[in-house]
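So the structure is just underneath, and the comments pick up after that.
All heavy atoms count here, side chains included; hydrogens, waters and symmetry mates do not. Note that this is a predicted model, so its numbers are computed, not measured.
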Amino acid sequence: FIGPNRTYVFPSRTLLQGMGLFRELDLILRQLDRNPSDLATLHKLARVSYLSSDWTRLHTAAQEILRLTPGDPEAQ
């Protein structure tokens, strides 16, 4: 997020929880348990991981996307 004066503002867990990101993350992880190679769900996981600054999970999701579709520009 970008705050006043174009400075980066890192959201708190309370804000992220209010936005419903943790609930969305739980749904995404359940979907991936059922179908681990679902690219749309992996892209959602990458987006939520980025928004919540979970860099390890984002890296893992991007690696899985690249493993499934090596030429995917969104995962690079």
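- Note on Ile65 and Leu29: same hydrophobic cluster, where clusters join Ile, Leu, Val, Met, Phe, Trp and Tyr whose side-chain heavy atoms are under 4.5 Å apart, directly or indirectly.
- Distance check: Leu25 CG to Leu45 CG gives 6.5 Å after rounding to the nearest 0.5 Å.
- With values rounded to the nearest 0.5 angstrom, Leu68 atom CG is found 12.0 Å from Gln63 atom CD.
- In this structure, OG on Ser53 lies 9.5 Å from CG on Leu58, to the nearest 0.5 angstrom.
- Sorted by first then second residue, the salt bridge (Lys or Arg N to Asp or Glu O under 4.0 Å) pairs that include residues 33-52, not counting sequence neighbours, are Glu24-Arg47.
- Under the 4.5 Å side-chain heavy-atom criterion for grouping Ile, Leu, Val, Met, Phe, Trp and Tyr, Ile28 is connected to Tyr50 within one hydrophobic cluster.
- A distance of 8.5 Å separates CD in Glu64 from CG in Leu32, rounded to the nearest 0.5 Å.
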